[in-house]
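On a predicted model such as this, the values are computed, not experimentally measured, just so you know.
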Amino acid sequence: MRKSHDPSDFPKDDVRSAIQTGIAQAEAQVVKKKDVSHKGKSKSRKRRVLYGLGSVAAIFVILLVSSSYSPALANSLSRIPFIGSVFGDSDLIGLRQAHEKGLTSEVGETQTINGISVTVDEILYDNNNITISYIIESEKDLGEFYFGAGADITINGELPMGGSSGYYGEDIQSSTTRTAIQGMDVSEEMPDEFELGLILHGEKGETWYFSTPIKQITDIKKIPVQHTQHVDGIDLTVTELSLSETGIGISFESSETAKDFELSRAGDIEFVVVDQNGNEITNHSGGVSGERMKDRLVFTSRKRHDPVDSSVTELTITPYLALPTDGGGVELGEDGKVRELEFKGDLLKPVEFESFKVEIPQ
């Protein structure tokens, strides 16, 4: 599935009007639900990890993603010859394969505000996961967290009320040029195809609006798991394993009795995945969304790994805690301000989960 959009044919005024109406309605709902929002935690690097609350119960985690530009924009970006393809040059095998096999939607729309040009390059819609690549050029130097935790999204003009989690990472080409990849998992059921809206906010109050139709890739294999463990006060349930040409997704829910998100461990769960021949499948993590329910902190997430080929018949999955090791971090609050987070990782105790196996139907 490869689509291209001619910016001259794009109905910007109608789309933006619809999106702005949806945002206004959604913001009223966000205000009512702020008391259940989860403040994110950094894993290790000070000022390299950022959590944002861009929509209802949404948490966007800043990760570093190596990326560049798309050849589709080579003409307009000829003055920057070192930029190639964002997905094609990514260190994520799944994104490279999606780009090479034509599974992405090419957009190529650019909007310029206050001398800052943002281009939505390609979009991949795999299962409930949406991945977007951006090209950003500015007439002046940009700050480190100029775009916060990336864009908010709308689905057919409305914010996803079930919330979403994910990551936004930038690769700085120069002081005025960067590329970015944003990935998000939407918790609610989504249609196979819909109009995706993107609302990106700048540090100085700028807002970029984009809208484009996207369609889910086919041949996604979903395997029910429902594996449950209770270890040292942490409840973990792996609900589903999904397989596609773009990667493996491990969906899970976790919780523990706690009041402080900075001292919780249930949101720090990752997985080691090994096939029947002992080959480890590279983990690319994924965002986590969490909320407080009475005296418990409850988290949901879908962790992503590299894709596997048809020779894989069984996977051994081992949960583990990826606890923060140093440095604290920063948080993007609901007021849009970045705040330092006190490091409390040295107070967290590791636990040992049991491995379990999932057979892959052939």
Side-chain angles (χ1 to χ4, degrees), residues 1-5 63 65 67-72 85-109 120-134 150-151 153-156 160 162 164-169 180-198 210-225 239-251 273 281-287 301-312 315 358 360-362:
M1 174 191 70
R2 187 172 288 276
K3 301 176 182 176
S4 84
H5 298 272
L63 300 178
V65 181
S67 54
S68 293
Y69 266 92
S70 166
S85 164
V86 181
F87 284 171
D89 290 346
S90 171
D91 59 356
L92 302 178
I93 294 176
L95 290 182
R96 294 204 304 268
Q97 289 190 174
H99 172 78
E100 293 166 1
K101 295 182 179 181
L103 300 176
T104 64
S105 297
E106 290 185 352
V107 182
E109 184 193 356
V120 175
D121 185 11
E122 289 181 275
I123 298 176
L124 174 65
Y125 178 20
D126 175 4
N127 204 355
N128 271 35
N129 181 264
I130 301 168
T131 309
I132 306 131
S133 61
Y134 302 95
I153 70 167
T154 62
I155 298 173
N156 290 330
S164 61
S165 63
Y167 61 87
Y168 170 79
I181 291 179
Q182 179 172 356
M184 58 195 78
D185 284 303
V186 180
S187 57
E188 68 185 55
E189 289 298 320
M190 298 196 299
D192 291 340
E193 51 187 303
F194 60 89
E195 190 77 13
L196 174 68
L198 299 170
F210 299 91
S211 183
T212 184
I214 63 172
K215 185 176 182 180
Q216 183 173 244
I217 68 170
T218 57
D219 299 325
I220 299 174
K221 184 183 296 183
K222 297 183 179 181
I223 305 171
V225 178
T239 56
E240 182 182 79
L241 184 78
S242 63
L243 300 170
S244 72
E245 290 187 273
T246 63
I248 298 173
I250 302 175
S251 300
V273 180
I281 315 302
T282 302
N283 172 18
H284 297 290
S285 192
S301 179
R302 180 184 290 108
K303 301 299 183 179
R304 302 187 68 80
H305 292 66
D306 278 348
V308 295
D309 59 36
S310 58
S311 67
V312 174
L315 295 173
V358 176
I360 309 301
Q362 299 300 303

How many angstroms lie between [atom1] in [X] and [atom2] in [Y], if you round to the nearest 0.5 Å?
X: Leu198; Y: Ile132; atom1: CG; atom2: CD1; result: 4.5 Å
X: Ile217; Y: Asp192; atom1: CD1; atom2: CG; result: 11.5 Å
X: Gln182; Y: Tyr167; atom1: CD; atom2: OH; result: 9.0 Å
X: Ile281; Y: His305; atom1: CD1; atom2: NE2; result: 8.5 Å
X: Asn156; Y: Leu196; atom1: CG; atom2: CG; result: 9.5 Å
X: Ile153; Y: Ile130; atom1: CD1; atom2: CD1; result: 4.5 Å

Do other residues, nucleotides or ligands put more than 12 heavy atoms under 6.0 Å from Asp219 CG?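 Not buried by this count: 12 neighbours or fewer within 6.0 Å.
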pair [X]-[Y]: side-chain heavy atoms closer than 4.5 Å:
X: Leu95; Y: Ile181; result: yes
X: Thr212; Y: Ser105; result: no
X: Phe194; Y: Ile214; result: yes
X: Pro307; Y: Glu245; result: no
X: Phe87; Y: Leu124; result: yes
X: Pro213; Y: Glu195; result: yes

Looking only at non-hydrogen atoms, find the nearest pair between [X] and [Y] and report the distance.
X: Val308; Y: Ile248; result: CG1-CD1, 3.8 Å
X: Arg304; Y: Asn283; result: O-OD1, 3.3 Å
X: Tyr125; Y: Pro191; result: OH-O, 2.7 Å
X: Ile360; Y: Val312; result: CB-O, 3.7 Å

Within the side chain of [X], is there an N or O that forms a donor-acceptor pair under 3.5 Å with the backbone of [Y]?
X: Asn129; Y: Met184; value: yes
X: Glu106; Y: Thr104; value: no
X: Lys221; Y: Pro361; value: yes

Applying side-chain contact (heavy atoms from CB on, under 4.5 Å) to Leu241 and Leu315, what does each step give before you reach the verdict? CA-CA 10 Å; Leu241 184 78; Leu315 295 173; 3.9 Å; yes
Under 3.5 Å, is there a donor on one side chain and an acceptor on the other for Ser251 and Arg302?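 Their side chains do contain a donor-acceptor pair, which is all the 3.5 Å distance test asks for.
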